[in-house]
Amino acid sequence: MPLLPRRFERLKAVLDCRMGDLTLMLEQVDKPHNLSAILRSADAVGLVDAHLVSLAGRQPTFNSTAQGSQKWVKLHRHGTSLEAVQMLKASGYKLYGTHLAADAIDYRDGDYTGPTAFVLGAEKWGLSPDTAAMVDQAIRIPMRGMVQSLNVSVAAATLLFEALRQRQQAGKVPECGQGLAPGQYQTLLFEWAYPEVASWYRQQAKPYPELTAEGEISEALPRSLRLRC
Ligand code: SAM
């Protein structure tokens with residue numbers, strides 16, 4: 001089935017506003033409802049990807065809370081927190097670790113207008129001491145009730161929307177695709193528009209074909225694949 005023009009326009013409008021320089025690192029946030037709620041907020045704010053370090057042997061799973069947002073925000077898995085932290089730092093992100101330590105600043109005092117990664121921890125035990133020691137800045141959301149902490153997905157949403165607010169105020173929210181790396185827009189557009197065809201091209205180790213202005217694939221596809229479009 002050809003892609004409907006309205007659907008194609010919608011995909012482009014969402015990609016136009018995506019921000020590759022705002023991300024999350026989740027340490028052992030493996031509960032499906034938390035992971036799902038976090039990816040849903042990440043999609044709502046305009047993230048391209050998020051990073052997960054799972055407990056040994058765990059596979060990320062999602063439930064209906066995600067509303068399919070796992071299709072629109074790429075979840076990259078890392079074997080260890082050290083690996084994830086090193087990768088994010090090498091990519092130029094400033095890491096903001098969320099915990100309730102005495103040296104943590106009020107989250108509203110952080111500057112999230114540059115490349116930013118929020119690092120969040122497990123529901124039961126929070127960030128590991130090793131990861132907490134590796135972040136650039138500890139932040140906390142001030143609490144005024146009897147309970148000491150928020151649910152991790154609520155903390156993630158609070159921080160992401162603060163980053164969005166700051167960027168909007170600073171005029172740093174992309175509106176026409178400038179929040180993505182060169183070439184990334186076309187790649188994501190193809191994957192979003194034709195996920196099964198994209199997967200076939202990856203299996204064949206072939207580059208994605210171009211899309212026409214109407215969102216059609218510019219190359220002739222094998223018949224079996226055409227039927228899946
Ligand atoms: N007992 C854990 C602790 O001491 O860190 C509580 C973990 S909390 C339920 C799960 C995660 O949510 C935390 O690791 C942190 O990432 C985030 N979080 C919850 N409340 C927060 C707050 N007030 N400020 C910043 N992050 C918070």
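Each ligand, and each atom within it, is numbered from 1 in the order the structure gives.
Residue Y208 forms a ring pair (Phe, Tyr, Trp, His ring centres under 6.0 Å) with just one option from W200, F190, Y185, and that option is F190.
Contacts between S149 and ligand 1 below 4.0 angstrom, taking non-hydrogen atoms only, involve backbone and side chain alike.
Heavy-atom proximity to M143, at under 4.0 Å, picks out these atoms of ligand 1: 23 (N). Ligand 1 places these atoms under 4.0 Å from at least one heavy atom of L120: 16 (O). Listed by number with element, the atoms of ligand 1 under 4.0 Å from a non-hydrogen atom of L127 are 14 (O). Those atoms of ligand 1 with a heavy atom of K124 less than 4.0 angstrom away are 1 (N), 2 (C).
The nearest heavy-atom contact from the protein to atom 11 (C) of ligand 1 is G121 O, 3.4 Å. For atom 16 (O) of ligand 1, the closest non-hydrogen atom on the protein side is T98 OG1, 2.5 Å. Looking from atom 5 (O) of ligand 1 to the surrounding protein, the closest heavy atom is G126 CA, 3.5 Å. For atom 4 (O) of ligand 1, the closest non-hydrogen atom of the protein is L100 CD1, 4.3 Å. Here the heavy atom of the protein found nearest to atom 10 (C) of ligand 1 is A122 O, 3.4 Å. At the shortest separation from atom 17 (C) of ligand 1 among protein heavy atoms lies A155 CB, 3.6 Å. Closest to atom 23 (N) of ligand 1 among all protein heavy atoms lies I141 O, 2.8 Å.
Taking only nitrogen or oxygen atoms, main chain and side chain alike, I139 does not reach within less than 3.5 Å of ligand 1. For the pair L150 and ligand 1, the shortest N or O to N or O distance falls below 3.5 Å.
In this structure, the side chain of E83 does not engage the main chain of H78 through any donor-acceptor pair within 3.5 Å.
Contact annotation: the side chain of Y107 approaches that of T158 to within less than 4.5 Å [non-hydrogen atoms, C-beta and beyond].
Note: the hydrophobic cluster containing L120 does not contain L100 (ILVMFWY, side chain heavy atoms under 4.5 Å, direct or indirect links). No single ILVMFWY cluster, assembled from side-chain heavy atoms under 4.5 Å apart, contains both L180 and L160.
In this structure, the ring of Y201 has its center no less than 6.0 angstrom from the ring center of Y194.
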Subject >> CA sep, side-chain torsions, deciding dist, call: I38, V152, side chain to side chain contact (heavy atoms under 4.5 Å, CB included) >> reply: CA-CA 8 Å; I38 289 173; V152 63; 4.3 Å; yes
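Using a cut-off of 4.0 Å between Lys/Arg side-chain N and Asp/Glu carboxylate O, R167 and D21 are scored as salt-bridged. Ion pairing between K89 and D136 holds under the 4.0 Å rule for side-chain N and carboxylate O.
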